[in-house]
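Encoded as structure tokens, the structure appears first; notes follow it.
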Amino acid sequence: MHLWVWLTASTQKKHSRTIAQVASHQGHGDRVCPIFETPHSSVADRRVAWKRVHRFNGLKMRRWFFLPLCMALASCMSAPQDVSSRAATPVQTNLPAMKTFGGSRPTSPDRSNRDMARDFLELAFQLESGRELKQFSRFEGPIAIQVTGNPPPTLMPDLNRLVNRLRNEAGLDIARRKPSGPNQSVITIEVVSRADIRRFLPKAACFVVPNVSSLREYRSARHTAQTNWSTLTRRTQIAIFLPGDAAPQEVRDCLHEELAQALGPLNDLYRLPDSVFNDDNVHTVLTGFDMLILRAYYSPELQSGMTRAQVAERIPGILSRLNPRGNAVASRNTPKTPRSWIRAIQTALGPDTNPSQRRRAAADALRIAQNQGWTDHRLGFSHFALARLSQVAQPDVAFQNFVAAELAYRRAPGTRLHQAYSASQLAAYAISQGEGNDALILLNPHIATAEKFENAALLSTLLMLRAEALAQIGRSAEANLVRMDSLAWARYGFGTQWAVRARLREISALSPANQTQ
């Protein structure tokens, strides 16, 4: 049975003034708050672990050590543009054979159809830049997918799995095959180098363009009406450009996001906690929400060229038919994300500003989130972004905001994967203080989550942390087995052997026993 650790306000005040302030600001006051859970530890164990994590924030800290690049926030973001792209993620962390994921286990969306209708309209009738689209566009009829270039060995199995999911979960008539004629709807996936992609879009890892089939064609048609999404009324030919020299997971992540946008919505919404249609890059494979959106996108009641008003009239009935459980769920009425917060986050996490400017922008984003009264994942993401950017210059601020992010994620629905990221950072702090047992308590609930959501980079990182924690408490044989498992996942998540070894060195260096004076 899962157990909860509950912190009273007096406990919060005793161990961390910042945490008490966070709880008070978020409207909890003296109310107790759930923090960490695990099926393998007692309430007393988790309470001790939590108190020790709080103690790390005091003057007894020996030295601060950090888990870098866990979320790669510092390079995930790019300014809005009318070319749909996935923001670049730096290549990171051999050994054993590479592990890959088998069958997907998506979770059905747990939200009202009223909310989903609103999400659908905003996704379908806007570009990422905020530019409005006047008409609905999609493919009509069977869709062929062809791959050109030099695909890496992992691409075709990942593509086959995704196509099967699109057929089974979204009900699409889509297959890998050559176009049958000039009027056949076709998506061409061209595998090129990262350098080729960044010659066109320096901040993108991959991108998707209408009405071309190759990078050479795009070079000629760039900045013309031919490649303008806003004038499109029916999709017939789309090109996706993937980096063949990136880590397998980055290639797969690009494939999921760009193929989803080639087929359906072109917009991203920060308010969606469980979707790849969100620029926070937390989810990297299509979710149950995404598949439902695509199924609705290709419902027979809709057709290319419809106006927003025409789609708005039909989408409630479509969702009621496809998602009957959503009829009985109460609306959350999640507020829109203001452009001021989006600009602040994009400045904070983009590559074009210096570190102090990025920290100021992250602080601005957090202030906006608090002023908006948000209690959803966007508040947690604001804390997490500020924490990531403050690790070197302001470690106390970083720690406080990692904990605040954990608190915010715990209170928000649909944030299991978000919690895994914040827990990895708190576990790194625990390991840096030699508190292996506490790190295990923090890590254990989230390893299955990372596997469920098919995030090999996160999964391998959590396993490496677990191995280091096990070694700290004298369970060396078990630590070695877990570490070998982590390396197999790291080969998919981080790619090259040097990147895998670099990740392993980073995590090994967290432990006081491995630090050089």
[atom1]/[X] to [atom2]/[Y] distance, rounded to the nearest 0.5 angstrom?
X: E257; Y: C206; atom1: CD; atom2: SG; result: 6.5 Å
X: L127; Y: Q261; atom1: CG; atom2: CD; result: 9.5 Å
X: E435; Y: L442; atom1: CD; atom2: CG; result: 10.5 Å
X: S424; Y: L443; atom1: OG; atom2: CG; result: 8.0 Å
X: D364; Y: T347; atom1: CG; atom2: OG1; result: 9.0 Å
X: R199; Y: L215; atom1: CZ; atom2: CG; result: 8.5 Å

Practice problem: Decide yes or no on ring pair (Phe, Tyr, Trp, His ring centres under 6.0 Å) for F101 and W489, but give the supporting numbers first. | Solution: CA-CA 9 Å; F101 297 99; W489 288 112; 4.6 Å; yes
Does a donor on one side chain sit under 3.5 Å from an acceptor on the other, for [X] and [Y]?
X: N228; Y: T231; answer: no
X: R388; Y: N401; answer: no
X: E406; Y: Q425; answer: no
X: R378; Y: T337; answer: yes
X: S230; Y: R131; answer: yes
X: E468; Y: N514; answer: yes
X: S382; Y: W341; answer: yes
X: Q249; Y: T284; answer: no
X: T287; Y: D274; answer: no

Backbone N or O of [Y] within a donor-acceptor pair of the [X] side chain at under 3.5 Å?
X: S511; Y: S508; answer: no
X: Y409; Y: F381; answer: yes
X: T415; Y: H418; answer: no
X: R505; Y: V500; answer: no
X: S331; Y: N333; answer: yes
X: T496; Y: A499; answer: yes
X: Q357; Y: N354; answer: yes
X: N455; Y: A450; answer: no
X: Q472; Y: G436; answer: yes
X: S432; Y: Y429; answer: yes

Exercise. Sorted by first residue and then second, give each ring-ring contact (aromatic ring centres under 6.0 Å, His included) pair with at least one member in residues 246-267; sequence neighbours left out.
Key: none
Practice problem: Given side chain to side chain donor-acceptor pair (under 3.5 Å), test S275 with N278 step by step and report yes or no. | Solution: CA-CA 6 Å; S275 175; N278 185 329; over 6 Å; no
Self-check item: Pair F289 and F277, ring centroids less than 6.0 Å apart
Solution: no
To check you understand the geometry: which heavy-atom pair defines the closest contact between [X] and [Y], and what is its length?
X: L463; Y: S486; value: CB-CB, 3.5 Å
X: M98; Y: P248; value: CE-CG, 3.9 Å
X: R339; Y: S129; value: NH2-O, 3.6 Å
X: I197; Y: P243; value: CD1-N, 3.7 Å
X: R271; Y: P335; value: CD-O, 4.1 Å
X: L294; Y: G264; value: CD2-CA, 3.9 Å

Quiz item: Checking side-chain contact (heavy atoms from CB on, under 4.5 Å) for the pair Y270/D279: CA distance, chi angles, key distance, verdict?
Solution: CA-CA 6 Å; Y270 279 104; D279 264 340; 3.4 Å; yes
Quiz prompt | Audit row: K452, T107, side chain to side chain donor-acceptor pair (under 3.5 Å) steps and yes/no | solution = CA-CA 10 Å; K452 173 180 173 59; T107 302; 3.2 Å; yes
Quiz item: Between L159, L155, D245, V191, which is the residue that forms a side chain to side chain contact (heavy atoms under 4.5 Å, CB included) with V251?
Solution: L155
Practice problem: Kindly determine whether F207 and Y218 satisfy ring pair (Phe, Tyr, Trp, His ring centres under 6.0 Å), including the steps that lead there. | Solution: CA-CA 11 Å; F207 63 103; Y218 176 61; 5.4 Å; yes
Quiz item: Quick one: do D376 and R332 make a salt bridge, cutoff under 4.0 Å?
Solution: no
